[in-house]
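Below is one structure, written out as structure tokens, with a few remarks after it.
Keep in mind it's a predicted model, so treat the numbers as computed, not measured. Counting begins at 1 with the first residue of the sequence.
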Amino acid sequence: MAPAPAAPLPHHPVRLSDPRRQPIAVAILPDAAGRAAVAAHLGVREVRRLRLDGRLVPEGREGWRIEARLGATVVQDCVVTLAPVVTRIEEPVLIRYLAGLAEPEGGEAEVPEEDVEPLPALLDLGGVMVEALSLALPPWPRAPGVALAEADEAPEEGGARPFAGLRDRLEGGG
């Protein structure tokens, strides 16, 4: 029997070419299926709570700015023990969308202090929420009291030997 299709990621499209250019309230609170889709997309055990609150405001003649707050409770696997690690995230989401902004060319680009992106005709605030959550997740979650083991030192080489214990086990040493 085939697995049930996953729910789509939360979408909340907003047309930024609206001539009225009035501030737009942002309040996105995905349901259980939407949170499960976000968890699967991000590769985490569970997204228990997820919310993006704030506003999208006109900036200048054509630009827009998101001033919002991301709130989430996420369950990830501990990188050492695989035990569940619950993380509460509260992060500001501040992004400017400017018309005429070109993508940087070449291998290096100066990173501005604030997030500035090209102005899209249609902005998916659900996608903004998911991206903000992915950037806020702890990259190496650890259960309370768990520390990463120190790597074996190779005195003659002066460097770490991260696979020394594995080698010993494969050779029958433990």
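Proximity of a side-chain donor or acceptor of Arg45 to a complementary backbone N or O of Val74 within less than 3.5 Å is not detected. Of the possible donor and acceptor atoms, none in the side chain of Arg69 sits under 3.5 Å from a partner among the backbone N and O of Asp53. No donor-acceptor distance shorter than 3.5 angstrom exists from the side chain of Arg51 to the backbone of Gly71, with no hydrogens or angles considered.
Both Leu125 and Ile95 sit in one connected hydrophobic cluster of ILVMFWY residues. Membership requires side-chain heavy atoms under 4.5 Å apart, directly or through other members. Cluster annotation: Leu42 is not connected to Val75 through the hydrophobic network of ILVMFWY side chains, with a link wherever side-chain heavy atoms come within less than 4.5 Å.
Leu123 places a side-chain heavy atom less than 4.5 Å from the side chain of Leu56. Side-chain contact between Trp64 and Arg21: present, with at least one pair of heavy atoms (C-beta onward) separated by less than 4.5 Å. By the 4.5 Å heavy-atom criterion applied to side chains, Val93 and Leu52 are counted as neighbours.
In the displayed structure, Glu62 atom CD is contacted under 6.0 Å by at most 12 heavy atoms of other residues, nucleotides or ligands. A 6.0 Å sphere centred on CZ of Arg49 holds no more than 12 heavy atoms belonging to other residues, nucleotides or ligands.
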Compile the donor-acceptor pairs under 3.5 Å between side chains in residues 78-92 and protein atoms, sequence neighbours left out, one pair per line.
unit_1	atom_1	unit_2	atom_2	d
Thr81	OG1	Ala83	N	3.2
Arg88	NH1	Ala72	O	2.8
Arg88	NH1	Thr73	OG1	2.9
Arg88	NH2	Glu90	OE2	2.5

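With sequence neighbours left out, Gln22 forms a side chain to side chain donor-acceptor pair (under 3.5 Å) with no residue at all.
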Passes side-chain contact (heavy atoms from CB on, under 4.5 Å), Val128 versus His12? Steps please.
CA-CA 9 Å; Val128 169; His12 189 89; over 6 Å; no
